[in-house]
Every structure is written in structure tokens, then in C-alpha cells.
Amino acid sequence: MPTMNMIQAVNDALRVEMRRDSRVVVFGEDVGRFGGVFRATQGLQDEFGPDRSFDTPLAEAGIIGTAIGMAMNGLRPVPEIQFADFVYPAFDQIVNEAAKIRYRSGGQFTCPMVIRMPYGGGIRGGHYHSQSPETYFIHTAGLKVVVPSNPHDAKGLLIASIRDENPVIFMEPKRIYRAAKGEVEEGDYVIELSKARVARIGSDVSVLAYGAMLHTALEAAETAASEDGISCEVIDLRTLMPFDIDTILESVRKTGRVVIVHEAPRTCGFGAELAATICEKALLNLQAPIARVTGFDTPFPYTLESEYLPNEKRIREALAGVMNF
Amino acid sequence: MPTMNMIQAVNDALRVEMRRDSRVVVFGEDVGRFGGVFRATQGLQDEFGPDRSFDTPLAEAGIIGTAIGMAMNGLRPVPEIQFADFVYPAFDQIVNEAAKIRYRSGGQFTCPMVIRMPYGGGIRGGHYHSQSPETYFIHTAGLKVVVPSNPHDAKGLLIASIRDENPVIFMEPKRIYRAAKGEVEEGDYVIELSKARVARIGSDVSVLAYGAMLHTALEAAETAASEDGISCEVIDLRTLMPFDIDTILESVRKTGRVVIVHEAPRTCGFGAELAATICEKALLNLQAPIARVTGFDTPFPYTLESEYLPNEKRIREALAGVMNF
Amino acid sequence: MSDTILRIIDDQGKVCDDATLPELGRDDWYKIYRAMLFNRRLDERMTRLQRQGRIGFYVGSLGEEAAIIGSAFALEEQDWLVPCYREAGAALLRGYPLFDFLCQIYGNSEDRMKGRQMPCHWGSPGLHLAVVSSPVGTQIPHAVGLAMGARIQGRDEVALTFFGDGATSEGDFHVACNFAGVYKAPVVFVCRNNQYAISIPLEQQTASPSIAVKSEAYGIEGVRVDGNDVLAVYSVAQEAVERARSGGGATLIEAVTYRQGAHSTSDDPRAYRRDEEVEEWKRRDPLLRFRAFLIDQEAWDEDQDERLEKSIRDEIQSALKQAERLAPPEIESLFEDVFDTVPWHLEEQRDSLLQPSSEFAS
Amino acid sequence: MSDTILRIIDDQGKVCDDATLPELGRDDWYKIYRAMLFNRRLDERMTRLQRQGRIGFYVGSLGEEAAIIGSAFALEEQDWLVPCYREAGAALLRGYPLFDFLCQIYGNSEDRMKGRQMPCHWGSPGLHLAVVSSPVGTQIPHAVGLAMGARIQGRDEVALTFFGDGATSEGDFHVACNFAGVYKAPVVFVCRNNQYAISIPLEQQTASPSIAVKSEAYGIEGVRVDGNDVLAVYSVAQEAVERARSGGGATLIEAVTYRQGAHSTSDDPRAYRRDEEVEEWKRRDPLLRFRAFLIDQEAWDEDQDERLEKSIRDEIQSALKQAERLAPPEIESLFEDVFDTVPWHLEEQRDSLLQPSSEFAS
Ligand SMILES: Cc1ncc(C[n+]2csc(CCOP(=O)(O)OP(=O)(O)O)c2C)c(N)n1
Ligand SMILES: Cc1ncc(C[n+]2csc(CCOP(=O)(O)OP(=O)(O)O)c2C)c(N)n1
Ligand SMILES: [Mg+2]
Ligand SMILES: [Mg+2]
């Protein structure tokens, strides 16, 4: 199996699907000729032509608004938003239109599309090149939300998302676009949506994470094991909406302790939903309060971004907290 | 004290502040000459002139974008979004600009403004005249979120919001715009933000609600008391961000049981944050899992809206659930 | 583009000097007239029903029937009509069943939208009628996407979208027109300039000399037409549709008309405009004008008119009878169509509603 | 509006036939030239620093100095400058301290933005410089609001805002221009049409014949100017500012120029444009052109130029020395300025970071 980084895996997934299904089209700012500012769509215009891989004017509402029309008319658009931080001009089109077209038409119309967007911090991007807006989409009925943490998943989840009949927000952790390398099957395979993956088996604490934070969580788990004698079961959630409740509860029933890690701000972040749901369904299994290690409730900073982002130290403190409760 | 409904109280608050402070200006679609589709700004243009109460073109991004400029230049804009469902074209201006101007300028610039918007269901408004988007704003660092449940609070909270130095999302429960009547002090008074109100004292269960749902919660509490012998303490949260953690915990420590009621969809709704926070801070006080009675994770329906909205029956079921756990 | 307003028949229904009638047969004239009359009578009936409290809400087209029917009549069957909320007449013209339209208004068990939207929010993929949504302007980029999507798939489909003068202020209008210009998309933008956005008159909506002139900002064609002259509207629309079909790109049509009625049944226009203004426009009423034209052309007479009026009345009456007594949708339907399948969390929410855990289940 | 491009000096720095020089003294010429040269040298130095890894990121103005300095020079002290991210030269011209600018780039303890934004995101209420933000186009409606706000408070303040050609595609450009037209706001829109939005050339950005023509959609003035001719830019900007000040409403200025450098230090333009194209525009370089004009007018000579170059080099060097060694902001500062005061939840989050509950506290 070839080794790829995340960008190559995303590119490969798009190529596989565009070869398999002529309805798949990709477009966005700098996506066509240039191949995307992160080069995720590089070479696609050469192979599939400017009708299926093209540039757009600088208008996210136009990108998503036209994508919706295409999806209503038989295509499988995969628009790119250059940075998740810039998705908001398209927010109305995503939240009031894409998410509701199936429902409001009584299932007559559908809107199968995948909105790709690099998200998250760690690249010294400050306020507007670092955001993690998943909550806005998870809270919006009618959208699926997918976040891969490694190249193999990125490819399989993106292919599954493109084949899904619903609008999917596909958030790519740009911090590990190149850092995360791994073996990726060639050709065509899918990773089923709404299935989490147990990334590390453990017995003391269930650590729930996704995207770039999965790696921070895994590192913390290793140190916790060696230094603190804490055995963490680390779960890569992969799909945030609809999320895999069974895998989560199975782990929580076993460990009785939970630490949730995400970059997004804490208040009403996805961690809040996970914590609330777990308390509803497994309160009596809990041996300690659920700890959330998240980005702070501030805009994303520049100089102090490593203080802002959850790190090994903060996760280990949370682990110690739930163990010593 | 005169009796007013919510609309009159909002109108009175605007009038009081516009008289007191010449920096206060109100504007929006149909706000000026017509006085707003709900008549909340009626008469203001006559009294304060078209410079301080005026109509805008049909563009929410323009309304909020220009309001931001005015706020940066010394005014206290109070723009109206005709329905909360239509705020999304302004989402980028609210989330990426208004919420971050103070932070990103190191506190040099401020953005004191109040964005008024009627929200919520119960008026047979279907998808686009019923939404409760508070989560989007609560999750956005830099915004305050206020939701009154009665005329007296509406006036005092709106005046406090206008005098606040931060951008405030002021969500008005339009379902009770006219239904909720009550005595309202004349002239100038404020109700401090971030202070909840114990609307009903009880001992068995803490019921947390806000806006129109406060009334549904109170009705359910009365029936629960008479029919089911359950004593509910009902708390009107009033400010959702930053919310009043002390009043909530005090009640929870007393009752040991919590039911949260809101219209907004459940997943990542404000109830999730309340539940997660309470579990973090008072797990050992909890005698039952926290129950959430919320709108469902679907777009807002038309014919079946009374099935969609939390009602007395569903709240009583939740109360029974936490009591019989 | 020029700012002159194209007209073919004058307020008295006479053909204007050196105006050329579009190539339409008398059967076409009849179809158009019937559609306009139907639109008018349906609106009147629905507005009465709403006053009687028998339906919750309604949006009428009073005075704008020519702009609506004239544009829609220019489309072929495979073309897309992407509506705002005020073009019921166009849907019916394209074959949308009246019964379906009424069931949507009642939001009953036969409503194809399954009772999920307010009245006048219809749609049909089979008839290439996009589904109405309330947010102003959001449909405009969809039309561009529908048109581009068809072209990418090698299908000959033009998309024609309706919106009001107020909608031109939204960013969605701007991005849609700009995309259409850049991609030369086969799309037609029809602005029903009815002079008001609820209470806001056009001069407070934009300072531009016209709506049509906005086309220049996007390198697309622009044209102004008398929106109360159905033949003039048809001919500019037909030209625009042909231009789109033949690769000539998009057109922005400004149909200059007037909203004679309230914005919707929730609105009372006397609060913001003078009766004289309304009266003045009533004298240019598109329906009376076209009837006068037909009679002047000896293509129509009073008897025929009476018979048509009666048949329309009866058709509406019997469809109403059927629709009005139907039950609401099943409660389970609340949880369907959020996604293609019902995920676990919606199953839980559905079950909690249908089989409540406790004794209060009624 | 006409599509002709106003020029005053030609590529060789000679005054064009029947062009009238704006009323500026030689001291003004000097200020303008110094500001342009400073902008150029600062960009060069910063770009080198970024390559050496001493700063994280930079956005330069190479080739656009005339559009930037010429526009800004037309403002009075009380007027507002509402920047995009490419107008550092304008900020310095208005008295923004170089040291502050550099501290922002380092995001250090002296940065007035407190290290919260990427480099080149400065701002100062005192100097009426709005604070830069990255999202394209969002500042354009702010300029309209700043201008309206001043007028409502009876203050004479014009707001001039900068943006690129790509920004004209965003909804924010549309709503801002439309509001400005409706309210006759005292605002000046300056589009630096540098032909590219990152890799997207103008013809893929819009099909309109020009950017300036878009003004007609809003009933505001529009003008095209040679953006590499600082005197031409100044005179149209000065006219627009006067129009705004005297109640004549808004103007959209299209400064036709070229981004000679990369979009930012993260970009490599060779991937999407030909070197010949760049070379061609370098021959019209605004700085060389204005220097040639000054020399031609005998207002400047080589010695003066050398001395100026040296003083600029020294100024940058000593400011850099000071700024480079300053410490980062205090960690506590992370939690300040979200609101006017630090609420309980941010206090908790701050304390959890500063005094961790457990043994791992370092
Ligand atoms: C984005 C958005 N903002 C506000 C509204 C409320 N609203 C409904 S119709 C309308 C006026 C529309 O005017 P126009 O576009 O001229 O169409 P018309 O109703 O005159 O046909 C407004 C403001 C809305 N539906 N959507
Ligand atoms: C809303 C938004 N979308 C995308 C981006 C990413 N981006 C940054 S600059 C830029 C191009 C801007 O081009 P233009 O407006 O012409 O200004 P220029 O950089 O050429 O001066 C893009 C797409 C952004 N910053 N904001
Ligand atoms: Mg209108
Ligand atoms: Mg540019």
C-alpha cells in the first residue's frame, strides 16, 4: 500500500470518485487550475477538465448556492471552502437551504453534496485561519459532519461522504495535512459514516477525540500509561453527526470515566453534547464527572496558540482529575 | 404601574434609552416608518426622526455590517432582524466581526450594539418563522445572549443590554409578544445581565427554562404539584451567555434533580451545555440523570408544530422520569 | 442597456404603434389568459378563506399576474422554474395540480411537502419546479446551479428564477448574477419589481436608476419591460430563454409592475402607502388589459368569459372540498426526511414522543 | 460613467498631454514619494525576515504603492481609513508608528493587538484606522457605518475603504455599495484592482467590463484610474473625498494596478501566471514612475534619493532591533477583551490554565 499524507489521501479520494461517477464535480476558490491553496485538488482539472474541476469567484454564498442547484439537478458537487473560518458568508445557504431542502420538500428533492473545509489551529493562523466551527453544523438538523484524523480514514470517509445521499460537512484538520502520513489502500474503498474507531484500547478512562486532537489524545494516553499508570481507551469519533453512540457507551460502561478533547470553544461545543448524552444514558456507570479539555471561549489567538490548544499536559491533568475524583 | 405586553415593553425600553442617550439608533427592514412588522419600533421615527429610527434595504449583512461601523464610531446601534430565521446572511458579520473586534484589536475598538430578533415557534410559521438559533451565538466567544420571558424583564434587560459595552443578541419570544402581559415600571430601570430569576420555588426538581418555554415550564410545574405531588423550582435563565451558574447550582444542590426545557433542537442545544456544566460541578448532588425537553433535531415543521414544541405533557413525563429514576 | 420600458399593448389593450406581437396562436392567448384569470380568482378565494380562519396564511399575486404568467409561458417543459413565494400561477400553468397546491396550504396528509412549510411553499422535481423557501433571494444562486448542472450533464435545460425588487439588495442576488456572468450560465433572472418590499418602497431599496441596469455589473443582458403587459413580458422572457439556450448567457429582466394587494395576509398596506397610488395602478391592471386586448382582437367575448369564470370557480370549489377535509400528516412523519434514513437519535426522539415512558401517555 | 482610465503621468514619468497636475506642493510630493518608498523597502525587508523564519507571515504591496498612498493622501486627519490587509503603507503615512506595526507582526508584549492576529492586522482608533481583519470584504459595510455614524453625530468624517478585485464578488461589497447609495453616505470605495485574487485572474472573477461600472448598480459615482500613477490616484480620491464631504454621496474608485509580488509569503505566483506578464507590469512600476516624474520636475535628485534610502533603512533597522527582542504577551491576556470584563467561565478557564489542579503543574 502506498504511503500518503492527508492532502494526498483527499486528492486520491476525489480522483477515485470522479473516475467512478461522472456526476462528481469539484470547485471553489483557487481549486481548478491552481489545485487549491493546500493543493488538495491538484491535477484534477488536467484529468477531468474544467467542467468538473473549476475555479469560482470569491463568494462562498455563490459556491454553496450554486452547488445546491447542481445537487438538486443530479450532480454530486464537492465544493471547497478555502478555510472553515470563511464558511460564514455561505451559512444561510448551508443552514437554511442545503440542510432543509429534503425535509421541506417532503423528501421530493435531495441535496447530496460534500462541503470540504480545512479547519483547526496549529498553523499560526490566528483568528481567521484556525477556527473549528463544527458545533454550528452539528446543531443544524439535516447536515452530517465528518472529521478524519488520518490519511486512510480521510480517503475512506470522503468517498463515503460523496456517496451519501445527504449534505455532508467534511472538515479536514489542516494542521496534520502533511504531518499525518500513513498507508492508504489504492482505489476504491469506503469507511462507513457514523462508526467511531477505537484507536487505543484501555480500561481506566475513555478519551473521546477527533481530527488533529486525536493525535494529541493518543500521545497523552501513552505518557499517562507510562508516567501515571493510567490506561486510556482512546476513541476517534470520525463522524460527529450522527455520532456513534454505541461505541462510546460500550467504552464508558467499561471505564466509568470520560475525558473529551476538542479544539473548538468549550461552551456549547460538541463536548457538551457528548457529556450530556453520556450522563443521560450512563450516569450510574460514571465514577467521576466527565472532563472536557477544549479550546477556550475566546477567539483563536496568534502568539499564544499553543496555550490555547489542548495539549498533552492539559489532557493529563484532566485524566488525573477523573482518576483521583 | 402600567400594564404592557412584550411588544409595548420593548418599545418602551427603546424609547427610554433613545431619550436618555442620543447615541442610540434603531434600524432594520420595515423598522422606520412602518414601525416594524411586529410594531416594536412604532412611533420612534416620529419622536426621534429618521436619523435615529430608519428603514434599511433588504440585506441583513448590510444591517449588521453598517451597525458595526456605527458602533466603532460612537453610536449605540440597536438593529432589528425581522425574524431570527433570517439572521444568517449576517452571520459572518456577527461571528467574525462584531464578536471579535474588541479581542482582535487588543481592546482598542469596541462594538457595543444590541441585535434584536423575534425568535421561536408557536405562531404557525413553519421552517422560517419559528427558529431558535441561540446555540450559534452562545458558542461564539464575544457575544452576550439575552432572552426575556415577560414584559417587565424585556424592558429591564433590553435597557441593560443597550448600556452593555459588548455586542448583545437579544432574542424576543414572539409567540408571547402579545400574550404575555404584565405590570412594567415606568421610565428608566435595568435588570442586570447574567442574573437568573427563581420564577417558582420548589424542592424536588430544578426546571431550567427561558423565553416562551418558561411559561410552559411554569404550567407544567403547577400541574405536577397538584396532580403528581412534585415540587418544582423553576428558574428563568434570562441571560444565556454568560449564564448565572450560581443560581443554577444553588437550586440543583437543593433539589438534586434537573429538567431543562428549550425550543431549540436538542443536539448541541443550550441544554447540552447546562447539563454538561451541572454534571461537572454537582455530579454528586444528582439523584437522577438530567433530562432535556427540547425541540427535536429536525427543521421546524408547520402542521405538527404543537407536537414539535415542548409541552406540559412532555415536561411532566420528564419530571416523572427524574423522580422515579 | 437602455432604460426604456418595452410595451406591446397599452392600458386600453390596444397594440402600441410599431410594436410587433410575439408569435403566439390564439390557443396560446387563451392559455395565458386562463392562467392569469385562474391566478386572480384563486388568490381572491384563498384570501377569503384566510379571513374566515380556514387557512393560516396566504401570499397573493394581485396585479403581478402578467409578470408571472408571461415569464413562465416562455419556458419549455424541460426548463426549470425557480420560484420565490408569489408565483403559484406559474406552477399551475406548468401543470402543478390545484389539489396538490391546496393540500400544501392545508399541510395535510396529501401535502407533498408533508405539512412542513407555510402555505404557498410548493415544489415538484417532476415538473422542474424548485421548492419554494421563505428566505428572500436564496433561490437565485440555486437557479444558476441548476442551469450549470444541466449543462455539465449535457442536458438542454434553462433555469428561470423569480424574485422581487427587495431581493436585489441581498448578497445572494449579487453572487448569483456574478456567477452567471462568469460561467455564461443558461439562466434567466426575472425581477418582479412590484415597487415594494413589504413597506419599503423601491427608492429606499436602491439608488440605482433601474433594476435592469444592475445587469451591467455582471456582464449579462438586462432589459426592462412593462410587467403589466403579458405579451411584452412573454416576448422578452422568450428572447432571454432563447439566448440562454443558445449559449448567449444570462439575462436580468426587470418586470415593472405593482403589488396591488397586501404583502401577505399578515400585512395591511394602508399603513405605508396611499390608496390613490393603488388606484392609479389598478387602472393598468394586467388582467383587464389583456382581456381588453383579446376582445379587441375578437379572440374573446363576454359569454366565453362567463363560462371560463364559472369553470374556474367550480374547479377551485371542488378541489377545496377534497383538500379541506383531509387529516394532518402522521406524527411519525416529523422525523422523516431529515436524512435519507432515520438515525438513532431521531428514532429515540420519535419514540419518546410516540411511546412516552411514563403514565402520562394519553 | 466612462470606461476610460485617468492618467496624469505616463510610464516615463512625463506629464500626459492636457493632464492637469493636482494642486500639491513639492513637500506633498516628497511625503508621497517617501511613503511609497518606505512601503516598498519595508515589504522587501519583511519578506526577507519571513524567509529567514524570523517572522511568521507577511502581506506586501509591491506594485500597488501608488493606489494605496495616493488614496490615503487624500484624507484629512478626522477621516477614517478602513483597510484590507495590504495597506500598511497607508497606516504609516497616517502616523501609525513603525514600532507598533512591527510589534504586531511579532505579536509581542508591546503589540497593541496583544498578539491575537496574524501579521499585518493593525489598527488604531486614535488615528481613525479601522482594525484589519482577514475575511475578504467584511470591512466594506463597516466603512459605510462609520461614515453614517459620523454624520448622525454631526461630525465631518469621510470613510475611505480599501479592498481588492476579488472582494467585489462577495455579498458584503454589494450590500455596502447599495446602502451607501440609498443613504448617500460620505464614503469612498477604493478597489485595488491588482488583476488577481490569489490565483484567480480578473476575467474569472467577474464578466463586467470594469469594476468601476459596478457603481451604476447602486447609483453612486464610479471612476477608473491608472493605479500605478500616484498623482492620478490622488486626484480622483481627493475629488471623491470632497464629494463625500460635501454631501454628494459615495464613489467607487477602480485603481487599475498589478500585484507584482506573491499574494502573501505563503503563495508562489509562478504556479498560475507567466513571468512575462509580471515583467510587463514592472515596466509601469509606480515607484520608479513617480521618481522619474520628480526628477523630471527637478524636485528630486540621486543624492537625495540615496540619503532617503539610507534613512529609511536605518529607521526600519532600529525599530526592528527594538521590536524583535520583546517577550510574548502574558498568558492571562488570552482571556481579556473577549468582553469588557472577564466573566466567571473565562476566569475558570484562565485559572485552569495558570494553576492546574494537579501535580503536572510545571
Ligand atoms: C433573508 C430574509 N429577510 C427578511 C425576510 C422577511 N421578508 C419576507 S418577504 C420580504 C419582502 C420581500 O420583498 P421583495 O423581494 O420585493 O418581494 P415581494 O414580496 O415584493 O414580491 C421580507 C423583508 C425574509 N423572508 N428573508
Ligand atoms: C471570505 C473569505 N474568503 C476567502 C478568503 C481567503 N483569501 C484571502 S485573500 C484572498 C484573495 C483576495 O483577493 P482580492 O480581493 O483581489 O485582494 P488582493 O489580495 O488581490 O489584494 C482570498 C480568497 C478570505 N480571506 N476571506
Ligand atoms: Mg417587491
Ligand atoms: Mg486582487
Side-chain angles (χ1 to χ4, degrees), chain A residues 22-23 25 27 51-52 54-75 77 89-90 92-93 95-97 99-113 141-144 164-167 193-194 241-246 273 277 281, chain C residues 80 82 104 111-117 121-126 128 130-135 137-153 155 157 159 170-172 174-176 178-183 185 187 329 333 336-341 343-346 348:
Chain A
S22 65
R23 300 170 305 167
V25 294
F27 51 94
D51 259 11
R52 294 185 58 200
F54 54 92
D55 292 311
T56 66
L58 209 178
E60 291 72 16
I63 292 168
I64 304 304
T66 50
I68 290 169
M70 293 178 196
M72 288 169 74
N73 204 6
L75 289 178
D92 192 39
Q93 284 290 343
V95 162
N96 263 346
E97 296 295 324
K100 295 176 172 54
I101 280 171
R102 180 190 288 269
Y103 196 77
R104 75 166 184 240
S105 68
Q108 296 184 98
F109 283 95
T110 65
C111 193
M113 59 192 271
L143 302 175
K144 292 191 174 183
D164 195 86
E165 294 302 323
N166 309 285
L193 300 189
S194 295
M241 171 51 67
F243 59 94
D244 180 356
I245 185 67
D246 298 336
E273 181 57 42
T277 302
K281 296 179 180 296
Chain C
W80 282 88
V82 186
Q104 196 281 320
D111 169 16
R112 291 162 181 266
M113 317 304 135
K114 301 190 184 170
R116 290 170 182 157
Q117 289 211 76
H121 288 61
W122 39 268
S124 165
H128 281 195
V131 58
V132 175
S133 79
S134 316
T138 49
Q139 76 279 14
I140 312 176
H142 301 172
V144 179
L146 283 155
M148 290 171 70
R151 183 173 62 189
I152 290 169
Q153 295 169 91
R155 297 200 308 262
E157 299 168 11
E170 287 283 4
D172 279 352
H174 178 67
V175 300
N178 193 49
F179 274 55
V182 167
Y183 298 115
V187 59
S333 71
E336 297 160 4
D337 305 318
V338 178
F339 299 103
D340 57 334
T341 58
W344 69 269
H345 66 290
L346 286 170
E348 280 189 5

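In what follows, chains carry the letters A, B, and so on, assigned in the order in which the sequence lines appear, proteins first and then strands, with residues in each chain numbered from 1.
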So what's closer than 4.5 Å to chain C heavy atoms on A:K144: side chain, backbone, both or neither?
both
So what's closer than 4.5 Å to chain A heavy atoms on C:P135: side chain, backbone, both or neither?
side chain
Examine distances only and state if a side-chain atom of A:E97 and a backbone atom of C:T138 form a donor-acceptor pair shorter than 3.5 Å.
no
Given a strict heavy-atom distance threshold of 4.5 Å, which part of A:A67 is in contact with chain C: side chain, backbone, both, or neither?
neither
Max heavy-atom pair count under 4.5 Å with chain A, selected residue of C:A150, C:G149, C:P141:
C:P141
Mind checking the OG1-CZ spacing from A:T110 to C:F339? Nearest 0.5 Å is all I need.
14.0 Å
Beyond-backbone contact of A:F243 with C:P343, side-chain heavy atoms, under 4.5 angstrom
no
Rounded to the nearest 0.5 Å, what's the gap from CG on C:L146 to CG on A:L75? Could you check?
10.0 Å
Would a distance-only check, ignoring hydrogens and angles, find a side-chain to backbone donor-acceptor pair under 3.5 Å from C:Q117 to A:S105?
no
Distance from A:S194 atom OG to C:H345 atom NE2, nearest 0.5 Å?
9.0 Å
Tell me, side chain or backbone of C:E348 under 4.5 Å from chain A's heavy atoms, or both, or neither?
side chain
Does any heavy atom of chain C fall under 4.5 Å from the side chain of A:L143, the backbone, both, or neither of them?
backbone
Can you tell me which portion of A:Q93 sits under 4.5 Å from chain C's heavy atoms? Options are side chain, backbone, both or neither.
side chain
Can you tell me how far CE of A:M72 sits from NE2 of C:H128, rounded to the nearest 0.5 angstrom?
10.0 Å
Of all of C:L346, C:V182, C:D172, which one pairs up most often with chain A through heavy atoms under 4.5 Å apart?
C:D172
Would you compute the distance between atom CG of A:L58 and atom CG of C:N178 and round it to the nearest 0.5 angstrom?
10.5 Å
Where on C:V82 is there a heavy atom nearer than 4.5 Å to chain A: the side chain, the backbone, both, or neither?
neither
Given heavy-atom pairs under 4.5 angstrom as the criterion, report whether the side chain, backbone, both or neither of C:V338 touches chain A.
both
Side chains of C:M148 and A:F54: closer than 4.5 Å at any heavy-atom pair?
yes
In C:K114, C:R116, C:M113, the residue satisfying side chain to side chain contact (heavy atoms under 4.5 Å, CB included) with A:Y103 is C:R116
Hey, what do you get for CG (A:N73) to CH2 (C:W80), rounding to the nearest 0.5 Å?
5.0 Å
